[in-house]
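Okay, so here's the structure we're looking at.
Just so you know, ligand 1 is whichever comes first in the structure, and atom 1 is the first atom listed for that ligand. Everything numeric in this text was worked out from a predicted model, so none of it was measured.
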Amino acid sequence: MSSSVLYGILGLLACQAAAQADVITDDSYFYGDSPPFYPSPNATVSSNWAAAYEKARAFVGQLTLEEKVNLTGGVRQSENGCSGSIAAIPRVNFPGLCLSDAGNGIRSVDYATSWASGWSVGASFNRELAHKRAVGIASEFRKKGSNIALGPVVGPLGRVAENGRNWEGFSNDPYLCGALAYETVQGSQSVGVITSVKHFVAYEQETYRNPVGNVSSVSSNLDDKTMHELYLWPFQDAVHAGTGNIMCSYNQINGSWACQNSWAMNNLLKTELGFQGFVVSDWGGQHSGVASANAGLDMVMPTGSTYWGDNLTLAVTNGSVTAARVDDMATRIIAAWYQMGQDSSDYPAPGSGIPYDVSAPHEKVIGWDKSYKDIVYQGALEGHVLVKNANNALPLQSPQLISLYGYSAKTPDSFYVGNGEWNEGDYSLGENATYTAANSVEEGTGIAVNGTIISGGGSGANMPMYISSPFEALTARAQEDYTGLYWDFESTDPEVDPTSDACIVDVNAFASEGWDRPNLHDDYTDSIILNVAAKCANTIVVFQNAGARLVDTFIDHPNVTALIFAHVPGQDSGKALVSLLYGDENFSGKMPYSIPKNESDYAGLDAPSLPEGEFAYFPQSNFSEGVYIDYRAFDAKNITPRYEFGFGLSYTTFAFSGLNVALNGSVSTASYPTGQIVEGGQEDLWDVVATVTASITNTGSVKGAEVAQLYVGIPGGPVKQLRGFEKPVLEVNGTASLTFPLTRRDLSSWDTVAQKWELQQGSYPLYVGSSSRDLPLTGTLTIS
Ligand code: NOJ
């Protein structure tokens with residue numbers, strides 16, 4: 001009997017009682033413990049990948065053991081600026097591989113675009129936009145000679161509000177995150193670029209993500225149900241979309257490092273989800289040789305030489321790792337390469353457009369393309385969310401004088417791609433807004449930074465062709481209309497001409513990989529807002545925000561008439577903002593996370609876990625809240641947020657009508673799926689069990705797009721969970737019909753005993769509307 005089968009039986013006995021009720025932490029069998037799952041499964045080969053595997057097997061069959069091992073480990077080189085490289089094997093005409101950051105556009109390279117970041121795409125709730133953006137981003141990777149784009153990010157999911165990387169991903173709702181990840185994978189891979197969906201899994205804080213001194217990486221401790229219903233969910237969508245690569249994360253999962261966790265890689269990913277591609281380690285995330293190989297890791301970055309390389313060859317010769325395991329690593333890597341058509345002679349050579357040093361002479365390789373222009377702009381636009389608009393402050397009505405304040409309105413003083421990223425040193429506001437992250441692994445700059453932000457910092461940062469800052473875009477508009485524009489970006493208590501028609505305060509909330517934010521609002525920024533509001537009756541606040549930003553210190557001030565979360569808009573930031581301010585464009589973005597009133601409303605989910613007590617050397621992060629993060633938690637605890645998940649205003653109004661639900665008679669409603677495993681899990685998880693329909697009408701006076709949202713109450717789970725969204729564009733009086741297909745997975749909960757998704761018999765409340773708390777249509781789906 002294999003250890004996994006034995007463990008499965010023990011687990012079954014141990015958690016039978018727990019399974020009776022849908023109580024999250026009761027399947028403690030998994031909690032804080034990571035069951036072994038061996039051996040590492042060879043790729044089972046889905047029909048979609050059959051041709052690629054046939055070629056890959058033939059290819060790998062010609063290689064020596066050393067050549068196979070070389071495919072599994074990064075090499076350090078100075079020929080190009082790829083984030084990671086696999087060496088060529090000239091003997092068999094294999095050109096090698098270039099892996100490059102990241103999910104929001106190619107990083108640290110000239111002739112590339114600064115796209116709106118993941119969070120803005122999340123706020124757009126727009127699948128088509130996500131797809132087109134991914135095609136554009138990936139086209140730049142391809143032209144630059146990158147084989148693997150290190151993104152999209154679906155972990156962190158956003159459990160901890162202060163996490164420095166939440167902006168890289170789409171949303172802390174797994175359904176929204178998964179739907180947009182699906183489009184991103186499909187869009188990127190349609191142009192032949194392999195996506196590295198990251199970071200697998202439960203990577204929810206930067207603090208202690210890596211060992212520091214004697215202190216180990218944080219362990220994310222979570223139960224099996226929470227794993228499936230929350231953190232694994234978007235990865236499942238990405239695998240279903242056919243991703244060729246997944247990156248394992250820095251953290252430990254239930255006490256075992258993610259990149260040597262057999263339960264996560266061998267079981268969840270390669271068995272349950274039928275993943276066809278290969279797993280790469282996050283850079284430096286490998287902590288063992290034999291253990292990581294046998295647990296399912298296939299490629300290590302940035303170098304194979306620490307634990308693999310010659311050591312892996314030796315491990316095969318002495319029997320610690322089977323030859324079949326190394327064959328499977330190499331075959332998975334080469335299969336992904338064939339699957340995306342990267343063996344084609346027109347695929348640019350690895351790293352050919354990515355100079356090692358942009359300040360040294362190099363060939364000009366253009367990644368950007370004018371045909372992406374509208375998508376770049378649309379990404380910025382739809383990421384803006386209008387959350388307050390009192391006295392019809394917006395859109396601006398032929399203003400004669402605008403006063404502009406705040407450090408985020410202006411372009412940073414300098415930008416040079418060779419600096420690599422927006423990071424410490426690019427900005428400095430002085431001690432009022434800087435902090436030293438004493439509890440963080442790395443020290444970082446303040447949460448508000450001097451100059452407008454177009455992306456967050458770290459490996460997810462991208463490079464602008466130009467920056468349309470709010471100040472420049474507003475100046476251009478003033479010139480066109482012949483409007484007055486005064487500004488002061490330096491003072492915290494600026495002079496205000498009281499006859500100003502509007503005072504715009506543009507500020508930010510910065511975040512970066514490497515450190516978690518020290519808090520969710522800062523006094524420095526609040527004081528600028530309050531000082532302007534004290535002197536100006538029409539104060540419009542704009543945040544470029546790479547993290548949740550609390551607003552209760554100023555939002556009820558009667559002179560604060562409007563508030564916009566611009567999120568992380570990329571290079572078209574100012575142009576998008578100004579079009580929205582003037583009503584040339586309508587707002588259509590929605591909050592992809594909630595903004596509570598106070599830090600305390602998060603119940604501890606606003607700060608990273610630290611080493612403590614008996615775990616002084618082994619920081620533990622207990623996900624004891626289960627699936628109850630963000631709106632699931634606020635609903636469960638009856639906490640009214642300031643701005644709920646899914647909320648966002650428009651210049652028009654919409655009315656919903658006619659909810660209908662129909663069961664699909666031809667699809668089984670048996671308790672468990674019976675289908676074979678395809679990419680993403682059992683095939684019938686994607687059967688459409690029921691379809692909800694409704695209508696929406698634009699009842700206002702201007703054209704607009706509305707994100708119609710469907711929430712479902714799955715018995716025993718959160719009172720409601722997002723399970724559908726559509727975004728029709730409607731002319732005045734225009735009506736659209738809404739169709740929300742509900743798959744078996746959408747309606748199921750994870751059964752920890754059966755180790756399957758269970759479709760329960762019973763009543764499922766349904767809600768349709770314009771936010772998670774504005775749901776005018778209700779109905780019930782009955783499964784019997
Ligand atoms: C570490 C980051 O966590 C990951 O997202 C990135 O892709 C790699 N470094 C490579 O830069």
Side-chain angles (χ1 to χ4, degrees), residues 73-77 80-86 97-109 117-119 137-138 141 144 146-158 163-170 181 184 188 193-212 217-218 220 234-235 238 243-252 257-259 278-287 297 299-304 351 354 356 420-423 440-442 444 455-463 511-516 546 608:
V75 284
R76 297 195 193 276
Q77 47 77 25
N80 59 55
C82 301
S83 313
S85 297
I86 293 293
L97 295 171
C98 168
L99 296 81
S100 308
D101 283 317
N104 299 316
I106 191 162
R107 167 204 190 200
S108 301
V109 64
S117 289
W119 242 23
I137 290 177
F141 275 80
K144 289 289 194 176
S146 184
N147 303 81
I148 298 164
L150 301 172
V153 166
V154 302
L157 185 69
N163 189 310
R165 304 188 77 172
N166 288 345
W167 60 276
E168 291 186 54
F170 303 110
T184 302
S188 305
V193 174
I194 300 170
T195 45
S196 180
V197 182
K198 64 190 189 182
H199 306 81
F200 188 72
V201 60
Y203 168 53
E204 296 294 330
Q205 63 176 60
E206 288 302 277
T207 308
Y208 292 104
R209 66 178 191 171
N210 280 317
V212 195
S217 306
V218 65
S220 298
F235 284 101
T243 188
N245 182 229
I246 298 254
M247 185 190 295
C248 55
S249 53
Y250 284 138
N251 55 291
Q252 308 199 28
W257 264 298
C259 293
F278 63 99
V279 182
V280 65
S281 74
D282 198 346
W283 275 227
Q286 187 195 36
H287 298 281
L297 183 67
M299 180 189 280
V300 55
M301 282 290 161
T303 169
I354 308 176
Y356 184 73
E421 59 192 39
W422 304 105
N423 222 328
S440 198
V441 176
E442 295 149 58
S455 96
S459 61
N462 52 25
M463 302 296 113
S512 174
E513 178 184 341
W515 45 273
D516 294 311

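The nearest pair of heavy atoms linking Gly460 to Glu513 is N-OE1, 4.4 Å.
Aromatic ring pairs are classed by plane angle as parallel below 30°, tilted from 30° to 60° and perpendicular above 60°; the pair Trp257 and His287 is parallel.
Protein residues with any heavy atom under 4.0 Å from ligand 1: Asp101, Arg107, Leu150, Arg165, Lys198, His199, Arg209, Met247, Tyr250, Asp282, Trp283, Ser459, Glu513.
Partners of Trp119 by ring pair (Phe, Tyr, Trp, His ring centres under 6.0 Å), not counting sequence neighbours, listed by chain and number: His567, Tyr593. Checked against ring pair (Phe, Tyr, Trp, His ring centres under 6.0 Å), Phe170 has no partners two or more places apart in sequence or in another chain.
Here OG of Ser459 is found 7.5 Å from CG of Asp282. Values are rounded to the nearest 0.5 Å.
Counting only residues at least two apart or in different chains, side-chain hydrogen bond (donor to acceptor under 3.5 Å, both in side chains) contacts with residues 147-157 comprise Asn147-Gln342.
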